[in-house]
Amino acid sequence: MSTTADLVAVLKKELKGAQMTYADLARALSMAESSVKRMLARGDMPLSRIDAICRALRLDFGELARRVAETQPLLKELTPEQEKAVVADKKLLLCAICVLSQWTLEQITTHYRLSEAEAIRCFVQLDRLGIIELRPLNRYRLKLAKTFRWRPHGAVMKYFREHVLLDYFAGGFDGGAEGLLLVHGSVSRGVAPAFLDRLQRLAQDFAQQHQADQKLPDRQRESYTLLLGMRSWEFSAFTALRRRTP
């Protein structure tokens, strides 16, 4: 959650950006410069004073609140309780997956059998869970880091393992822009993390391209799901055939 320190930090940044000194602000507030410095150092000021500072900066209070919110750390993963709440409601899970792809409310209700009221209800729940910050006109800001991932042994991945994987791999992967690669080999333990890093960068490239192509009309875009994985693993049926070492 935002703190007074975050608010003061943003105000100082705005002062610097406006090239306004403490002396300039003091004159605008009809205060002594020493009082302004003390006020910002302590972070102890009423809302009326914050409003006056915003007027001096020609900054809307709502915009200030947004900039403070954007300074908050983004989530790299949810808590177990948050994930359980997401999978407990399949419409909520659908909306959670959609907002990860930055879909608008209109896109969700157009593509899926969700009424606007149902989608808004889900948005409100996602806001309460800390996944998005809901804004006017049902817009939102995603509060997840680029490195966000579902907990490896959490409720969401458990749901996908049980209900989604077979559905995904049932496809032929033979479309014009589809493919399935299965590569097995032994590499040094020191090199293995570098391959995982490349996979993560590829996932980020895919996500960034998705963002860049949102300006294109729907008819020029196609939905894809990129599944990347790397694991020290051997098929259990093959493991059963291994020779026992003395």
Side-chain angles (χ1 to χ4, degrees), residues 1-79 81-83 85-86 95-96 98-106 120 122-149 151 197 200-201 203-205 207-215:
M1 295 180 64
S2 302
T3 66
T4 303
D6 298 321
L7 175 63
V8 171
V10 171
L11 286 174
K12 288 181 177 179
K13 184 177 180 180
E14 293 300 320
L15 286 170
K16 184 176 181 180
Q19 296 183 332
M20 181 178 287
T21 65
Y22 287 157
D24 295 331
L25 181 60
R27 282 191 294 272
L29 300 178
S30 299
M31 294 175 62
E33 182 178 350
S34 58
S35 297
V36 169
K37 290 181 178 179
R38 187 164 53 250
M39 176 181 67
L40 292 176
R42 293 177 178 175
D44 183 13
M45 65 189 91
L47 286 174
S48 59
R49 185 69 72 192
I50 297 173
D51 192 44
I53 296 174
C54 286
R55 286 198 300 272
L57 288 167
R58 296 181 181 179
L59 177 67
D60 180 75
F61 187 85
E63 179 65 16
L64 173 65
R66 185 184 69 81
R67 294 182 186 182
V68 172
E70 289 177 349
T71 65
Q72 303 308 298
L74 300 177
L75 297 177
K76 294 184 178 180
E77 64 179 24
L78 303 182
T79 66
E81 292 72 23
Q82 288 172 317
E83 287 203 0
V86 169
C95 285
C98 287
V99 299
L100 282 172
S101 296
Q102 300 280 10
W103 278 33
T104 65
L105 183 84
E106 183 181 5
I120 291 173
C122 290
F123 273 26
V124 171
Q125 288 181 269
L126 293 173
D127 178 85
R128 290 173 178 168
L129 289 170
I131 295 174
I132 64 172
E133 176 196 326
L134 194 54
R135 292 177 172 175
L137 302 178
N138 298 313
R139 299 181 183 276
Y140 63 88
R141 180 178 73 91
L142 194 62
K143 297 173 69 175
L144 305 179
K146 290 182 179 180
T147 55
F148 172 81
R149 68 170 187 171
R151 301 177 73 89
D197 183 60
Q200 291 171 335
R201 290 202 301 271
Q204 290 178 5
D205 288 345
Q208 289 170 358
Q209 190 63 53
H210 163 80
Q211 291 296 326
D213 287 352
Q214 290 309 293
K215 60 182 180 292

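Each residue takes its place number in the sequence, starting with 1. From a predicted model like this one, the values you see are computed outputs, not experimental measurements.
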Rounded distance (nearest 0.5 Å) linking atom [atom1] of [X] with atom [atom2] of [Y]:
| X | Y | atom1 | atom2 | result |
| --- | --- | --- | --- | --- |
| Glu81 | Glu83 | CD | CD | 10.0 Å |
| Gln125 | Cys122 | CD | SG | 5.5 Å |
| Asp24 | Arg27 | CG | CZ | 4.5 Å |
| Ile50 | Phe61 | CD1 | CZ | 5.5 Å |
| Leu7 | Ile53 | CG | CD1 | 8.0 Å |
| Cys95 | Leu105 | SG | CG | 8.0 Å |

Do you know the tightest heavy-atom contact between [X] and [Y]?
| X | Y | answer |
| --- | --- | --- |
| Ile132 | Tyr140 | CG2-CD1, 3.7 Å |
| Phe123 | Val99 | CE1-CG1, 4.0 Å |
| Leu29 | Ala52 | CD2-CB, 3.6 Å |
| Lys37 | Tyr22 | CG-CD1, 3.4 Å |

Practice item. Test side chain to side chain contact (heavy atoms under 4.5 Å, CB included) on Arg67 and Lys13 and set out the steps. Key: CA-CA 10 Å; Arg67 294 182 186 182; Lys13 184 177 180 180; over 6 Å; no
**Study point:** Side chain proximity check, Leu57 to Glu63, heavy atoms < 4.5 angstrom
**Key:** no
Review point. Are Leu64 and Leu11 side-chain neighbours, meaning at least one heavy-atom pair lies under 4.5 Å?
Key: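 Yes - at least one pair of side-chain heavy atoms lies under 4.5 Å apart.
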Closer than 3.5 angstrom, by distance alone: can the side chain of [X] be matched with the main-chain N or O of [Y] as a donor-acceptor pair?
| X | Y | value |
| --- | --- | --- |
| Arg151 | Leu78 | yes |
| Gln214 | His210 | yes |
| Gln82 | Thr79 | yes |

Review point. Would you find more than 12 non-hydrogen atoms of other residues, nucleotides or ligands less than 6.0 Å from Gln19 atom CD?
Key: no
Review point. Taking atom CZ of Arg135 as the centre, does the number of heavy atoms from other residues, nucleotides or ligands within less than 6.0 Å exceed 12?
Key: yes
Check your understanding: Would you call Asp197 and Arg201 a salt bridge, taking side-chain N to carboxylate O under 4.0 Å as the test?
Key ->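 Yes, this pair counts.
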**Study point:** Lys143 bridged to Glu133 by N-O distance under 4.0 Å
**Key:**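 Judged by the 4.0 Å cut-off on N to carboxylate O distance, Lys143 and Glu133 do not form a salt bridge.
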Check your understanding: Step by step, would you call Leu40 with Met45 a side chain to side chain contact (heavy atoms under 4.5 Å, CB included)?
Key -> CA-CA 8 Å; Leu40 292 176; Met45 65 189 91; 3.9 Å; yes
**Study point:** Sole candidate of Ile131, Leu134, Leu142 that passes side-chain contact (heavy atoms from CB on, under 4.5 Å) when paired with Leu126
**Key:** Ile131
Exercise for review: Only counting residues at least two apart or in another chain, list the ones meeting side-chain contact (heavy atoms from CB on, under 4.5 Å) with Leu74.
Suggested key: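 With sequence neighbours excluded, Leu74 shows a side-chain contact (heavy atoms from CB on, under 4.5 Å) to Arg141, Ala145, given in chain and number order.
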Study note, to complete from the structure: residues 39-52 vs salt bridge (Lys or Arg N to Asp or Glu O under 4.0 Å), sequence neighbours excluded, gives Asp51-Arg55
